[in-house]
Amino acid sequence: MLPILPTTAVASGAWRYATTCFVAAVVAVIVFPPLAGVALALGVGVLWFHRDPPRQLPDSGIVAPADGRVSVLREEDDRIRVGIFMNVTDVHVNRAPAAGTVESVEHRPGAYKPAFSKDSDRNERVVIDCGDYQIALIAGWFARRIHPYVAAGDDLVRGQRIGHVSFGSRADVVLPPRYDREDVLVAVDETITAGKTRLVATEAAESTRR
């Protein structure tokens with residue numbers, strides 16, 4: 001049986017969206033009862049979309065920052081970019097692929113093209129720069145709310161929650177410069193899981209935050 005509500009936590013801010021739907025359901029019971037069920041279902045759907053299940057990390061390796069399908073795998077300026085398209089049914093809480101210290105968190109305005117398309121390279125994003133690697137949380141055509149959880153100066157551990165994008169999006173990681181295409185363990189169109197799937201296998205084991 002598919003879960004209707006998350007069995008663990010939901011992403012930060014999810015209840016704000018859900019509460020709007022639940023209040024609308026209460027009002028609709030009085031004003032127009034047929035809409036009450038729709039509003040209630042939307043509120044439950046919002047909580048399910050923002051579900052935040054725990055993840056058991058592998059002992060080593062740089063891990064995927066997002067659930068979804070690998071949509072980008074290319075070399076840029078002598079570094080490898082791996083982009084993950086998060087469908088509406090995927091968990092949208094993003095995780096740090098490796099330990100590091102946040103050097104900057106930069107919001108970059110842009111377009112709102114579908115996150116699975118090549119045009120999404122110009123979309124609005126928040127770039128979390130950890131020096132050795134970068135993560136970009138990218139908005140889609142419907143997703144307009146990027147929520148980073150970290151700030152410059154924060155020390156990250158592998159698998160730590162670092163943010164989410166509400167309602168569909170893409171997450172990219174630019175790998176450390178010491179890795180090349182042959183080191184990458186995933187392929188385009190492969191389905192991967194944040195905090196569990198290894199993008200490369202050679203990082204030393206680290207303590208993790210569940």
Side-chain angles (χ1 to χ4, degrees), residues 11-14 16-17 49-50 52 55 62-88 90-180 184 186 192 194-195 197 199-200 203 206 208-209:
S12 174
R16 179 180 61 187
Y17 297 118
F49 177 89
H50 288 90
D52 182 13
R55 294 285 164 81
I62 293 180
V63 296
D67 287 20
R69 177 180 59 84
V70 177
S71 59
V72 175
L73 180 53
R74 63 174 181 251
E75 185 173 341
E76 294 181 357
D77 300 323
D78 297 323
R79 298 180 69 172
I80 302 299
R81 176 182 292 270
V82 182
I84 302 126
F85 169 65
M86 294 178 281
N87 206 337
V88 68
D90 293 316
V91 172
H92 278 61
V93 174
N94 303 126
R95 293 174 177 264
T101 299
V102 178
E103 294 187 358
S104 65
V105 178
E106 179 186 2
H107 173 259
R108 299 179 184 175
Y112 296 98
K113 303 295 183 181
F116 56 81
S117 72
K118 182 174 177 57
D119 289 340
S120 63
D121 285 344
R122 299 190 297 273
N123 278 12
E124 178 185 5
R125 66 195 58 210
V126 169
V127 177
I128 301 170
D129 189 348
C130 294
D132 200 30
Y133 67 88
Q134 288 184 350
I135 306 162
L137 307 182
I138 303 172
W141 72 271
F142 184 71
R144 306 293 178 94
R145 298 291 183 270
I146 304 174
H147 304 275
Y149 301 164
V150 298
D154 288 352
D155 291 323
L156 305 182
V157 295
R158 190 169 59 104
Q160 179 177 337
R161 295 166 178 86
I162 57 171
H164 75 273
V165 187
S166 294
F167 309 115
S169 51
R170 183 177 129 192
D172 287 11
V173 56
V174 178
L175 296 173
R178 58 187 173 275
Y179 298 111
D180 57 31
V184 178
V186 298
I192 62 179
T197 303
L199 302 182
V200 298
E203 285 290 299
E206 303 172 58
T208 57
R209 181 180 303 169

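The aromatic rings of H164 and H50 stand perpendicular to each other, their planes meeting at an angle above 60°, with 30° marking the opposite boundary.
In plain terms, the two heavy atoms of S71 and R170 that are nearest each other are OG-CD, 4.2 Å. R95 and I135 make their closest contact through O-CD1, 4.5 Å (heavy atoms, listed as atom of the first residue, atom of the second, distance). Minimum interatomic distance between P97 and V173 (heavy atoms only, all atoms of both residues): CG-CG2, 3.9 Å. Looking at every heavy atom in both residues, I146 comes nearest to A139 through CD1-N, 4.0 Å. For the residue pair V186 and T197, the shortest heavy atom distance occurs at CG1-CG2, 3.9 Å. Of all the heavy atoms in I84 and D172, the pair that sits closest is N-OD1, 3.9 Å.
At least one side-chain heavy atom of R55 sits under 4.5 Å from a side-chain heavy atom of D67. With contacts defined as side-chain heavy-atom distances shorter than 4.5 Å, the pair L73/V184 qualifies.
Without hydrogens or angle criteria, R81 side chain to R79 main chain gives no donor-acceptor distance under 3.5 Å. Side chain of D90 to backbone of H92: no donor-acceptor contact under 3.5 angstrom is found. Without hydrogens or angle criteria, Y133 side chain to A98 main chain gives a donor-acceptor distance under 3.5 Å.
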Practice task
Walk me through it: do V105 and V127 pass the test side-chain contact (heavy atoms from CB on, under 4.5 Å)?
Solution key: CA-CA 6 Å; V105 178; V127 177; over 6 Å; no
